[in-house]
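Before any comments, here is the structure.
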Amino acid sequence: MKPSAAITPRPLTAPHRRSLQMGLLQWFAEFQRPLPWRQTTDPYAIWLSEVMLQQTQVATVIPYYRRFLAALPDIPTLAQADIQTVLALWAGLGYYRRAHQLHAAAKQIVAHHGGKLPADFLQLLKLPGFGPYTAGAVASIAFHQCVPAVDGNVLRVASRILADDRDIRAASVHKSLRTAVGGWVVKENAGQFNQALMELGATVCSVTSPRCDMCPVRPVCRARAAGRQMDFPVRRRPKAKRTVHLAALHIRDAQGKYLLAQRQNGALWAGLWELPAVPIAVPPHTLRPIIRLARRTLGLEISSARSAARVAAVIEHVLTHMHVYVYIFNCSLRTAQTSPHAARSPAVRPHAARLPAAHPLPPDSPYQALAWLADPARVPLSTLARKQFAAVSAASSD
DNA sequence: GACACGTGGCT
DNA sequence: TAGCCAAGTGT
């Protein structure tokens with residue numbers, strides 16, 4: 001059977017929902033791991049554990065959690081502590097923004113909430129470092145609010161229970177699953193229920209080898225019923241990187257200055273400088289076909305005297321979403337354009353215009369400015385641009 | 001929606 | 001081994 005199109009899975013039936021709730025709570029009561037933050041009802045301690053556990057494994061967190069709580073046992077103490085002290089306690093855990101935000105939130109709590117965590121999901125969400133997960137976890141575990149706490153484990157568990165064939169990586173699917181799980185939460189026992197779901201994901205419903213034989217939720221799991229527990233969650237195959245070819249122009253004036261181009265704001269590499277380049281469909285052999293493109297998209301009149309010039313260097317650069325090949329040509333401008341002249345295009349920014357001899361650009365150019373620069377290192381360069389200059393200087397020293 | 005952010009563990 | 005992933009958030 002062809003996999004169905006990605007649609008919102010139908011909700012659990014009421015009997016299945018009740019079976020899930022009871023099975024999970026009983027299982028959790030019996031089999032939960034005795035973790036330090038499960039021995040407390042202090043909202044601050046619970047908050048601290050939730051922040052430390054973000055993208056960080058339980059075993060790593062435990063010693064940091066103990067040490068931090070011993071040194072800074074409550075919110076006022078944390079709020080008064082020097083940030084250096086906080087960071088020293090966090091050192092080695094990673095994601096240091098969490099420590100800054102924890103500290104900032106403590107200060108806000110002292111200033112605006114009398115030193116106590118607000119006992120409400122939406123209030124918590126306003127504090128630094130509280131996203132939907134942490135606000136849900138603290139609201140339900142510390143304050144018994146009936147809200148879901150959906151982390152990576154819960155996403156996986158819910159995806160399997162519902163046999164959800166949508167891409168688990170999409171934020172829209174996270175949101176949809178948060179809503180679904182919100183309908184499962186046991187009102188009187190929200191904190192226990194949420195922790196049970198996470199614990200199930202961490203210890204039974206694992207990524208690579210779900211142990212369905214010991215799963216309390218097996219009777220309601222649609223993936224298991226179909227014998228397809230390994231088919232969920234569905235992860236979109238990372239899109240194949242598209243390949244982009246660029247012809248870049250290595251142009252120097254009589255003083256040896258480089259002609260550089262500054263990327264448009266909002267574009268890839270926004271505001272950074274590089275050799276002026278034009279996109280081309282296929283790897284080029286000679287400069288000839290580039291000349292017309294340069295005139296149209298860069299406003300540059302390339303001399304046709306060297307139109308048979310070959311590629312001087314090839315750069316390869318890989319980004320998250322594309323594979324870039326840059327073919328560098330050594331070329332020169334027609335004489336009229338090599339002489340300095342003032343910027344007159346509105347596309348040229350004032351500071352660029354102060355640079356010696358900026359060039360005007362067509363309105364739809366991928367660049368916001370062109371300028372002659374003696375030393376490219378003095379302007380911000382993308383990694384790709386650094387490769388360009390490395391290649392150019394290597395080629396010219398041959 | 002795509003990325004950056006840190007570190008450790010696993011296949 | 002080169003990714004992938006772990007109790008995510010902010011931009």
Side-chain angles (χ1 to χ4, degrees), chain A residues 28 32-33 35-38 40 45-65 87-105 121 124-142 147-159 166-178 181 190-210 230 232-239 241-242 265-270 318-322 382-383:
Chain A
F28 187 60
Q32 66 171 292
R33 295 167 293 175
L35 303 176
W37 41 90
R38 289 180 179 160
T40 180
I46 292 165
W47 169 33
L48 178 66
S49 74
E50 292 303 340
V51 175
M52 286 188 164
L53 285 162
Q54 290 170 11
Q55 300 293 285
T56 310
Q57 294 180 338
V58 166
T60 307
V61 165
I62 290 174
Y64 284 89
Y65 171 81
L87 287 174
L89 290 163
W90 207 274
L93 249 196
Y95 281 141
Y96 299 97
R97 188 170 57 184
R98 292 183 296 179
H100 286 100
Q101 289 171 330
L102 190 78
H103 191 224
F121 174 79
L124 290 168
L125 205 49
K126 294 178 185 167
L127 292 167
F130 280 83
Y133 166 73
T134 306
V138 173
S140 63
I141 299 170
V147 290
V150 179
D151 66 350
N153 286 133
V154 176
L155 285 176
R156 179 175 60 257
V157 171
S159 168
R166 296 172 297 175
D167 174 16
I168 196 72
R169 300 189 188 200
S172 59
V173 175
H174 293 188
K175 191 177 172 189
S176 165
L177 285 173
R178 267 204 304 281
V181 172
Q192 291 292 104
F193 179 83
N194 285 336
Q195 291 185 79
L197 221 36
M198 290 188 267
E199 187 81 345
L200 189 73
T203 63
V204 173
C205 194
S206 68
V207 181
T208 52
S209 51
M230 291 301 290
F232 300 94
V234 173
R235 283 173 211 292
R236 186 198 58 230
R237 213 80 7 275
K239 271 187 273 190
K241 294 184 198 307
R242 78 196 147 95
N265 294 326
L268 189 62
W269 301 304
V318 181
L319 291 79
T320 331
H321 54 300
M322 63 180 182
S382 66
T383 301

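So that the names make sense, note that chain A is the first sequence line, chain B the second, and so on, each numbered from 1. Treat the numbers as computed from the prediction; the structure is a model and nothing was measured.
Looking at A:Thr56, its side chain comes within 3.5 Å of the base of B:dG6 through a donor and an acceptor atom. Side chain A:Arg98 to base C:dT9: no donor-acceptor pair is found below 3.5 Å.
Residue A:Arg235 places no side-chain N or O under 4.0 Å from the OP1 or OP2 atom of C:dG3.
Per the geometry, CD belonging to A:Gln32 stands 15 Å off C1' belonging to C:dA7, to the nearest Å. The CZ atom of A:Arg97 sits 8 Å away from the P atom of B:dG6 (whole-angstrom rounding). For the pair A:His103 NE2 and C:dT9 P, the computed distance is 21 Å after rounding to whole Å. Spacing between atom OH of A:Tyr133 and atom C1' of C:dG8 amounts to 9 Å, rounded to whole angstrom units. To the nearest angstrom, P of B:dG6 lies 12 Å from CG of A:Leu93. A straight line from OH of A:Tyr95 to C1' of C:dT9 spans 9 Å, rounded to a whole angstrom. Atom-to-atom, NE2 of A:His174 to P of B:dA2 comes out at 11 Å; the value is rounded to the nearest Å. Atom CD1 of A:Ile62 is separated from atom C1' of C:dA7 by 13 Å (rounded to the nearest Å).
Judged by closest nucleotide on DNA chain C, A:Gln57 is the one of A:Gln57 and A:Leu127 placed further toward the 5' end.
In the set B:dT7, C:dT9, C:dA6, the nucleotide with an atom closest to the side chain of A:Val207 is C:dA6. Comparing C:dA7, B:dG6, B:dG1 by their closest approach to the side chain of A:Ala170 singles out B:dG1.
Residue contacts shown for A:Gln195 are absent, as no nucleic acid heavy atom lies under 4.0 Å away. Residue contacts for A:Arg33: at a heavy-atom cut-off of 4.0 Å it reaches a base atom on one of the strands shown. Residue contacts shown for A:Gly201 are absent, as no nucleic acid heavy atom lies under 4.0 Å away.
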